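None of these values were measured; they are calculated from a predicted model.
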Amino acid sequence: MADPSSYRPAPGSIPTDPGVYRFRDVHGRVIYVGKAKSLRSRLSSYFQDIAALHPRTASMVRTGASVEWTVVTNEVEALQLEYSWIKEFDPRFNVKYRDDKSYPYLAVTMGEQFPRAMVMRGAKRQGTRYFGPYAHAWAIRETLDLMLRVFPIRTCSAGVFKRAGQVGRPCLLGYIDKCSAPCVGRVDEDRHREIAEDFCDFMAGDTGRFVKRLTAQMKQAAAELEFEQAARLRDDIEAMTKALERSAVVFADATDADVFAIAEDGLEMAVQVFHVRGGRVRGQRGWVAEMDRETVPDLVEQLLMQVYGGESADGIPREILLPVLPPEPLAMAELLRSVRGAKVAVKIPQRGDKKALLDTVRRNAEQALARHKVARAGDLTARAQALDELADALGLDEAPLRIECFDVSHVQGTNVVASMVVFEDGLARKSEYRRFIVKGEQVDDTAAMREVLTRRFARYRIERTETEDGKAKKFAYPPNLLVVDGGRPQVDAAARVLEELGIVDIACVGLAKRLEEVWLPGSDFPVILPRGSEGLYLLQRVRDEAHRFAITFHRERRSKAMTTSALDGIPGLGARRQKALRRHFGSVAKIRAATPEEIAVVPGFGPALAQAVWSHLQGSAAEPAVNLTTGEILDEEGPGERPADLDPADVERSDTMVP
């Protein structure tokens, strides 16, 4: 821990202008991002009596080693810059709003040629419209099943869609008129997109237009004695009505609004939001966050930036109803207006239906906080206890806030891979996970582990002083504790790697599976942690996560290696050029029959490469493609061939990030 006075800026050097500031640790990692109307007054507050600071803020200041700032012209620019830095650096000391559950959305992939309606969770994607969130996935499926009668949009996967087009027959939904079947040309691309846009408009709250249109069509069909058509339209209207009845009407004037409420106890806060579209509650969502030195208005501001920072114009409503206004409500409204392209009102409801709905949302937030307290009462204490137990048992100077664990996976020395998982503050940090392909056929786990650790920490020695676009590279941060899956041989190998690289400030241990023994380098006897120890439980979780991650990667590699092609192994012929060859000639048999001059005509090929391809294929004419798992000889144009549309991004690299 650093002494804050060692990096305190001279008071006169800090400007009084508004701006955004960043604290960095000794490794240059951004640990906190904030903004201020006056940088001088805000930054000076961090370097006063440290005992008067909030414990989390005091920890941040002690962890920091430098502070830097950027001056901006107004509050809107400060909001934008603060959000972009938080999104880019993911600082560990900034308040994080964790979803109290993984909410499903009804998504329509408008960015695809033929849009698809589906249930989707996780991060939002560009070109996709989202509706919800819903409390349960089955609620989305029931709503979608009702609406497919009226809006027969595609719901099948890309594989099903492609196969239906190849065989010329739609799936079951196409036969029962719950899909317009663009896969077989029943409707063209423009008509299907029109259906998808109408579906999105209906889900966004523009319901009256469609009900009126179908009602008029039903009456006209009845007047023309088209009773079957009139009955079908009647059923469509009933389906629409039933879907609408699932959403409670809260505003009679068809208001579009997001209603936020907060419940807090000084340590943690729960946030709930109701998404109201067309006067109806279309979705509900909640977050839980730890409270820091920020006031509730500051937390509301950060919440709004997190919710709307990456949203499209369609995702921002006309009104945002809050229990407390952010510090700069006009700046926030202006920022949201620039994204939405129209006026956005940020206000506190004072009376009427909106105030009553805010009270309902607040009660939901209070219940969510109570549930969270019961479910996670011992979590923070247990994590702190686990880290302290490890520090005591392993003789560390401080708690290991960053733990890295490595594991090797293979089958009899084939497709050898390794994994690196990272836990920070006792929690998995999946963005920091890494995967390695071990070079050569390493049957010896210890040799494979030595190779991987050498590559990782050699990269650390280089990258700890380098940056890429102002951001530290992926191996720039060292662990406080290095864990290897194995006993004394593995941990001794790890210690030798660190010693050879001149790294002396990283502790390393090995966790043996058989008796869950913790081995230290050079020790004749293991450290035995009590079976009920939180420290042992944390090590087991880290080790098991590394094992899971390595096994998953090994299976991916093994499945890709199950088949081989006659074009594999030609120097200079990568996936992209293989794809170009297949596209030009159609099959390997035709490539083999071509002359070097004919091969050289393919874009990206020269005489030398064309000659190399021709020579390789002539020499391998008697060696057909083989399934390496079963030994089956495959036809050159059959399943043994790698698909012609293989994306170059699928080619493995020696060090890859988590997808």
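- W287 places a side-chain heavy atom less than 4.5 Å from the side chain of V307.
- Proximity of a side-chain donor or acceptor of R429 to a complementary backbone N or O of S431 within less than 3.5 Å is not detected.
- Nearest approach of Y433 to V422, heavy atoms of both residues: CE1-N, 3.4 Å.
- Closest heavy-atom contact between L536 and P530: CD2-O, 3.6 Å.
- The CZ atom of R455 lies 8.0 Å from the CD1 atom of I437; values are rounded to the nearest 0.5 Å.
- For the pair I31/M60, a side-chain contact is recorded, criterion being any heavy-atom separation below 4.5 Å from C-beta on.
- Side chain of Y130 to main chain of R125: a donor-acceptor pair is present (N/O by atom type, distance under 3.5 Å, no hydrogens or angles).
- Listed by chain and number, the residues in a side-chain hydrogen bond (donor to acceptor under 3.5 Å, both in side chains) with R543 are E516 (sequence neighbours excluded).
- Checked by atom type and distance alone, the side chain of R592 pairs as donor or acceptor with a backbone atom of L617 at under 3.5 Å.
- Taking every heavy atom of both residues into account, L481 and P400 meet most closely at CB-CB, 3.8 Å.
- Counting heavy atoms from C-beta on, the side chains of Q166 and K162 come closer than 4.5 Å.
- The line from CZ of F23 to OH of Y32 is 8.5 Å long, rounded to the nearest 0.5 Å.
- Between R548 and T552, the closest side-chain pair of non-hydrogen atoms falls below 4.5 Å.
- Residues D492 and P521 are in side-chain contact: their nearest non-hydrogen atoms beyond the backbone lie under 4.5 Å apart.
- Between the side chain of S523 and the main chain of F525, a donor-acceptor pair closer than 3.5 Å is present.
- In this structure, I403 CD1 and L538 CG are separated by 4.5 Å, a value rounded to the nearest 0.5 Å.
- The two residues S419 and A546 make their nearest non-hydrogen contact at OG-O, 2.7 Å.
- Residues that satisfy the side-chain hydrogen bond (donor to acceptor under 3.5 Å, both in side chains) test with E389, not counting sequence neighbours, are Q385, S533.
- For the pair G64 and Y7, the tightest heavy-atom approach, listed with the atom from each and the gap, is O-CE2, 3.2 Å.
- Residues D485 and V408 are not in side-chain contact: their nearest non-hydrogen atoms beyond the backbone lie 4.5 Å or more apart.
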Would you give me the side-chain donor-acceptor pairs under 3.5 Å for residues 597-610, sequence neighbours excluded?
unit_1: E598; atom_1: OE1; unit_2: T595; atom_2: N; d: 2.9

Practice problem: Begin from the C-alpha positions of L482 and L453 and carry the test side chain to side chain contact (heavy atoms under 4.5 Å, CB included) through to its verdict. | Solution: CA-CA 10 Å; L482 168 63; L453 292 176; 4.1 Å; yes
Quiz item: Does the side chain to side chain contact (heavy atoms under 4.5 Å, CB included) test come out yes or no for Q490 and W519, once each step is laid out?
Solution: CA-CA 9 Å; Q490 285 78 16; W519 287 88; over 6 Å; no
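- Here Q113 pairs with E189 under the side-chain hydrogen bond (donor to acceptor under 3.5 Å, both in side chains) rule; sequence neighbours left out.
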Quiz prompt | Verdict with supporting geometry, R582 and Q578, side chain to side chain contact (heavy atoms under 4.5 Å, CB included) | solution = CA-CA 6 Å; R582 289 193 182 89; Q578 286 191 26; 3.5 Å; yes
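- Looking at every heavy atom in both residues, E534 comes nearest to A386 through O-CB, 3.4 Å.
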Sequence neighbours left out, cut at 3.5 Å: what donor-acceptor pairs do the side chains of residues 494-509 make with other protein atoms?
unit_1: E500; atom_1: OE1; unit_2: R450; atom_2: NH2; d: 2.8
unit_1: E500; atom_1: OE2; unit_2: R450; atom_2: NH2; d: 2.6

Practice problem: Go through the steps for D25 and R29 under the test salt bridge (charged side-chain N to carboxylate O under 4.0 Å, His left out), then give the verdict. | Solution: CA-CA 5 Å; D25 62 13; R29 187 177 193 177; 5.4 Å; no
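- Exactly one of I528, L511, V527, L529 qualifies for a side chain to side chain contact (heavy atoms under 4.5 Å, CB included) with E517. That residue is I528.
- Residues S157 and R116 are in side-chain contact: their nearest non-hydrogen atoms beyond the backbone lie under 4.5 Å apart.
- Distance check: Q540 CD to H547 NE2 gives 13.5 Å after rounding to the nearest 0.5 Å.
- F406 and F436 have tilted rings, their planes meeting at an angle from 30° to 60° on a 0 to 90° scale.
- Between N480 and L396, every side-chain heavy-atom pair lies at or beyond the 4.5 Å cut-off.
- In this structure, E82 has no side-chain hydrogen bond (donor to acceptor under 3.5 Å, both in side chains) partners at least two apart in sequence or on a different chain.
- More than 12 non-hydrogen atoms from other residues, nucleotides or ligands lie less than 6.0 angstrom from NE2 of H584.
- Under a cutoff of 6.0 Å and an axis angle of 45°, R541 and Y537 form a cation-pi pair.
- Atoms CZ and CZ, from F549 and R434 in turn, are 9.0 Å apart once rounded to the nearest 0.5 Å.
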Practice problem: Let me see the working for R402 and E432 under side chain to side chain contact (heavy atoms under 4.5 Å, CB included), right down to the final yes or no. | Solution: CA-CA 11 Å; R402 180 182 171 102; E432 299 286 318; 3.5 Å; yes
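- Atom-to-atom distance recorded for M420:CE and E404:CD is 4.0 Å, nearest 0.5 angstrom.
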